[in-house]
Each structure stands twice: as C-alpha cells, then as structure tokens.
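Here is the structure we will look at.
A, B, ... follow the sequence lines: proteins, then strands. Residue 1 opens every chain.
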Number of protein chains: 2
Amino acid sequence: MEEQNKKILLVEDDPNFGTVLKDYLMMNDYDVVHAKNGMEGFEKFKKDDYDLCILDVMMPYKDGFTLAKEIREKNADVPIIFLTAKAMKDDVLKGYKVGADDYLNKPFDSEVLLMKIKAIIQRKATDSVADSKQFEFKIGRFDLNSKLRFLKFDGGEPTKLSPKENELLRLLALHENDLMPRELALTKIWRDDNYFTSRSMDVYIAKLRKYLKLDPKVEILNIHGEGFRLVINGGEN
Amino acid sequence: MEEQNKKILLVEDDPNFGTVLKDYLMMNDYDVVHAKNGMEGFEKFKKDDYDLCILDVMMPYKDGFTLAKEIREKNADVPIIFLTAKAMKDDVLKGYKVGADDYLNKPFDSEVLLMKIKAIIQRKATDSVADSKQFEFKIGRFDLNSKLRFLKFDGGEPTKLSPKENELLRLLALHENDLMPRELALTKIWRDDNYFTSRSMDVYIAKLRKYLKLDPKVEILNIHGEGFRLVINGGEN
DNA sequence: TCTTTTGTTAATGTAAGGTTAAACATAATT
DNA sequence: AATTATGTTTAACCTTACATTAACAAAAGA
C-alpha cells in the first residue's frame with residue numbers, strides 16, 4: 001500500500017535540539033519541516049498542509065502562542081503540541097486557550113512524544129477524505145466512478161479499475177474532447193517522465209481502449225508526440 | 001437551546017479526593033458519576049452513556065488500565081483521561097496504548113484539568129459529527145444493533161458479535177455503498193496502523209463475510225489498496 | 001527509407017488481500 | 001486453582017491484483 005507519511009511542522013529556535021528532534025521524528029517515518037523561528041514557521045505553514053504542528057513556546061520575536069493563534073486563523077483543525085522548558089501554569093492555560101492538543105515539558109521522553117503524536121494524529125484521522133473533488137464522469141454510455149474505481153456500461157455490472165487505469169481515465173475525462181498532454185499524465189500519475197513510465201502509460205492506454213470498445217462512439221485518439229484525446233462522437237446531438 | 005450538561009464518569013478510590021474532585025467538576029457544570037473502584041466503574045459505565053471517563057490508575061482489585069480496556073471493548077470512542085500519582089514512563093506508554101486521550105499527574109492543578117476536559121470534549125464533538133450516535137442499521141435482510149452487539153437475520157435469532165466484529169461492521173454500515181478506508185478502521189478500532197493490525201482486520205473481514213453470506217445481496221468488496229465497501233445489491237428497487 | 005513514436009501482448013516481480021489454524025490472553029465458570 | 005469459553009493476534013500459505021519491463025509490430029513523420 002502506498003502509505004503517505006504524516007507531515008509535521010516543527011518550530012524550534014534551538015538549532016541543536018531542533019535538529020536532533022527532527023532527525024528522531026524522521027527516523028520514525030514522519031516527514032518533518034523544521035522552522036527556526038515563529039516568522040519562518042508561519043511562512044512554511046502557509047505553503048503546505050500539515051498533519052501536526054509542534055511549537056516551542058519560548059522563541060524570540062514571535063513566541064509559540066502567537067504563532068499558534070495565526071495558525072488557528074488559517075486552519076482551525078491542525079493539531080498543535082507545545083513544547084516548553086518550564087511548566088508555568090498560566091502558560092499551560094494560555095496554550096489550551098489557543099487550542100493546544102497537548103503540552104510537553106522539556107526535557108521530555110522521546111517515546112512519550114511519539115505516543116502522543118500517534119494518539120493525536122489518530123484522533124484527527126478524518127472520516128474519509130471529503131474531497132469535493134470531482135470523481136464521477138459520464139463517458140458516452142459509460143459511467144466512471146473514480147472514487148470507487150469502477151466503470152459501468154449502460155448501468156450494468158461495474159468493471160473494477162486499477163489505480164493507474166482509474167487515474168488515467170479520469171484525467172482523460174477531465175479533458176474530454178481536448179488534448180490531454182502526455183507530460184501531464186506522467187507527472188501527475190507516474191510522478192516521473194522518462195522512457196519507461198511513458199511506455200507504461202501506453203500500456204494503460206491500450207487497456208482503457210479495450211474497456212471502452214463496448215461503446216463505438218467513444219475512443220482514445222493519439223496526437224503524435226503530444227498526448228491523447230478522449231472523444232465522444234456525436235456528443236452534440 | 002437547552003444545552004445538556006456533559007456527563008463524566010469518575011473512577012477514583014480515594015474517597016476524600018474523589019468527592020472533592022466530583023464537587024469541583026459539578027460546580028463547573030458537569031454531571032459526574034463517581035465510582036469508588038474499577039468494578040463499580042465498569043458497572044456504571046455499562047448502565048449509561050458518558051462523554052468522558054476520568055480513571056485513577058492505582059486502584060485495588062482492578063486498576064485503571066484494565067478498566068480502560070474493558071471500556072474500550074464496549075465503546076471505542078469515549079475519551080479517557082488517566083490520573084496517576086507518579087508518572088512512570090512505562091505507565092504513560094501503557095496508557096496511550098489503551099487509547100488514553102490524556103494523562104495527568106497528581107497533584108495537578110484543577111484549572112488545568114478543566115481546560116483539558118474542555119479541549120477533549122470539544123475535540124470529540126467536532127470529530128464525531130460524521131459518525132453521530134448511530135447504533136442501528138438495516139443491512140439487506142439483516143438488522144445490526146451495534147449497541148447491543150448483535151446481528152439479526154430476517155428478524156430471527158440474533159447472532160452475538162464480538163466487539164471488533166461489531167465495530168468493523170458498524171463502520172462499514174456507516175459508509176454503506178461507499179468506500180470505508182482501511183486506515184479509518186485501523187486508527188478508529190485498532191488504534192494503530194501496521195502490518196499486523198492490518199492482517200487482523202482482514203481476518204475480521206472474513207468473519208463478517210461469513211455472517212453476511214446468508215443474504216446473497218449483501219457483500220463486502222475490497223478496493224485494492226484503499227479499503228472495503230459494503231454493498232447491498234438491488235438496493236434501489 | 002529510416003528513425004521515432006505508438007500499439008499490443010505477454011512475462012515477471014512485488015504487494016495486497018483471503019483463509020485457516022494455532023497461539024495467546026482474558027474473563028467466566030466450575 | 002483449574003478449566004472452559006471467548007475474543008484477538010500472529011503465522012503460514014495461497015491467490016489475486018497491479019505495475020513494470022521486454023519484445024515485436026505498426027504507424028507517423030522527417
């Protein structure tokens with residue numbers, strides 16, 4: 001299974017401690033982006049989506065709480081863990097007020113941190129990805145459901161599609177009657193554009209053509225050196 | 001709008017401390033049921049629905065962890081906070097493994113506890129919008145009562161389901177005809193996503209399929225690399 | 001023509017899922 | 001305390017699904 005690592009934003013001004021912590025987390029299969037101060041932290045946060053933020057409280061210029069507030073304004077849901085040298089009660093309260101998910105006092109046990117991270121990320125595990133992305137297409141007499149990865153002909157028995165078949169057909173459908181550049185599919189689906197991935201894609205085009213043969217009005221045309229075109233003939237009647 | 005107070009189950013063997021804490025929580029608008037030991041705690045838990053459990057770890061006869069496990073068997077979702085006199089690292093890890101939501105060392109600041117309670121209850125509130133308190137499902141010719149953990153076929157004799165069977169079927173039913181991602185079940189039910197829990201889940205899928213065979217219109221389909229789909233064929237007649 | 005691109009089929013290797021039984025763990029009963 | 005029942009995990013083995021690569025044929029463009 002293609003299991004995507006969880007992304008963590010770590011904002012910690014102490015370069016030694018920050019690096020050590022980052023390495024430790026990465027050793028445990030998290031993708032970690034390390035920002036050295038609050039300003040940088042916010043910039044990095046805006047540029048990407050994170051599954052968790054770990055913020056040091058004591059930082060020059062912009063402390064962890066202020067940063068947390070800014071983060072909350074952009075995203076009310078990311079879990080936040082605060083790190084602090086000493087547990088001042090008021091700090092703790094302040095942290096929870098900003099919507100902290102947890103609080104850790106330095107020095108802390110790294111295993112404990114790992115458990116907390118796991119617990120928190122699990123908690124947030126979204127109930128299915130509510131992408132409002134488009135995943136249903138009508139292709140001639142076919143219906144493509146690219147979320148459930150099947151293709152139905154005339155409302156009959158659905159054919160299961162493999163992930164690659166599915167993604168490719170979806171891309172073609174998104175560009176219906178228009179050019180779907182080779183390069184687009186290769187970078188989006190194969191994440192690499194070379195001789196072999198290109199040949200692989202051709203193999204998948206062949207598979208799709210076989211499926212789509214059932215409806216003679218539907219075909220995948222090649223545009224030499226450019227890409228492919230999914231056409232539905234007589235679509236404007 | 002009539003806002004119902006949140007219900008807390010407090011299991012604490014020290015009568016003095018327990019009473020003080022209970023009163024304090026009630027002063028802060030929580031409904032509190034106080035059990036004096038693990039046994040009693042479990043009895044009370046079974047008799048009612050709670051928004052949160054606060055469990056003392058060190059208790060005679062039945063400690064907090066054991067109690068937590070029993071509680072988890074009945075309900076995979078209630079938030080649990082552990083109270084402990086001394087923070088043994090192994091204890092903390094053990095706690096998180098049972099699905100702790102938080103951990104507090106005695107003596108703790110009561111305001112901090114309040115904040116944690118608030119944070120945790122809020123979290124659950126937003127998380128569980130999707131899987132609202134739904135316990136009864138019609139699955140083809142079956143009736144699933146996931147509160148009482150049984151499955152009835154054609155209104156006949158109910159089959160008892162184990163906690164895992166029950167939770168898994170319930171999750172599938174919540175996503176009827178739609179994708180129920182592997183990851184979701186693993187994080188929600190098994191609280192961990194690795195090779196072994198994944199295999200365990202497959203075993204449970206097999207068990208469910210066996211139960212569901214009675215109704216040929218009901219099946220659990222696999223979506224390779226994604227998860228499972230509970231389909232009821234001819235559901236639209 | 002002849003070089004490059006595309007079409008197609010088959011072979012291979014790896015990962016995911018299905019199934020069954022044994023091992024383990026715990027609760028309930030005797 | 002010992003036994004039995006129940007629930008869950010682990011292990012083993014097998015099947016299926018998927019993606020890539022190779023090989024060769026055909027088409028397009030130069």
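For B:Lys164 and B:Tyr204, the positive end is not near the middle of the six-membered ring at less than 6.0 Å and at most 45° from its axis. Figure legend: B:Lys7 and B:Tyr50 shown as a cation-pi pair, the cationic atom lying under 6.0 angstrom from the six-membered ring centre and within 45 degrees of its axis.
An OP1 or OP2 oxygen of D:dT8 is reached within less than 4.0 angstrom by a side-chain nitrogen or oxygen of B:Ser162. When the side-chain nitrogen and oxygen atoms of A:Arg149 are compared with OP1 and OP2 of D:dC18, one or more of them lie within a distance under 4.0 Å. Distances shown here put a side-chain N or O of A:Trp190 below 4.0 Å from the OP1 or OP2 atom of D:dT20. Distances shorter than 4.0 Å separate none of the side-chain N or O atoms of A:Lys210 from OP1 or OP2 on C:dT8.
When each of B:Gly227 and B:Val203 is assigned the nucleotide of DNA chain C bearing its nearest heavy atom, the one mapping closer to the 5' terminus is B:Gly227.
Atom NZ of B:Lys69 is separated from atom P of D:dT8 by 12 Å (rounded to the nearest Å). Rounding to whole angstrom units, CZ of residue B:Phe196 and C1' of C:dA23 are separated by 13 Å. A straight line from CG of A:Asn222 to P of D:dA27 spans 13 Å, rounded to a whole angstrom. Rounded to an integer number of Å, the gap from CG of B:Asn194 to P of D:dA11 is 12 Å. Put simply, NE2 on A:His224 is 4 Å from C1' on C:dT5, counting in whole angstrom units. For A:Ile205 and D:dA26, the CD1 to P distance is 21 Å, given to the nearest whole Å. Rounding to whole angstrom units, CD of residue B:Glu167 and C1' of D:dG7 are separated by 14 Å. Atom CD in B:Glu73 sits about 10 Å away from atom C1' in D:dT6, given to the nearest Å.
Among the protein residues, A:Phe228 comes within range of the sugar-phosphate backbone only, with heavy atoms under 4.0 Å from sugar or phosphate atoms but none that close to a base. Using a 4.0 Å heavy-atom distance criterion, A:Ser200 is classed as a base contact. Among the atoms of the strands shown, none is found under 4.0 Å from any heavy atom of B:Tyr195. Within 4.0 Å of A:Asp202, counting heavy atoms only, lies at least one base atom of the nucleic acid. Residue-level contact check: A:Arg199 touches the bases, meaning some heavy atom is under 4.0 Å from a base atom. Nucleic acid contact for B:Lys62: none, since no nucleic acid atom lies under 4.0 Å from a heavy atom of the residue. Contact annotation for A:Lys160: no contact, since no heavy-atom pair falls under 4.0 Å across all strands.
Put simply, the side chain of A:Asp154 never gets that close to the backbone of A:Gly156: no donor and acceptor are under 3.5 Å apart.
The nucleotide whose nearest atom lies closest to any side-chain atom of A:Tyr204 is, among C:dT26, C:dG7, D:dA19, D:dA19.
Electrostatic pairing of B:Glu226 and A:Lys160 does not count as a salt bridge here, judged by no charged N lying under 4.0 Å from a carboxylate O. B:Asp49 has no carboxylate O lying under 4.0 Å from a charged side-chain N of B:Lys74, or vice versa, which leaves the two without a salt bridge.
Evaluation of atom-type donor-acceptor distances gives no pair under 3.5 Å for the side chain of B:Arg182 against the base of C:dG17.
At most 12 heavy atoms of other shown residues, nucleotides or ligands fall within 6.0 angstrom of atom NZ in A:Lys188.
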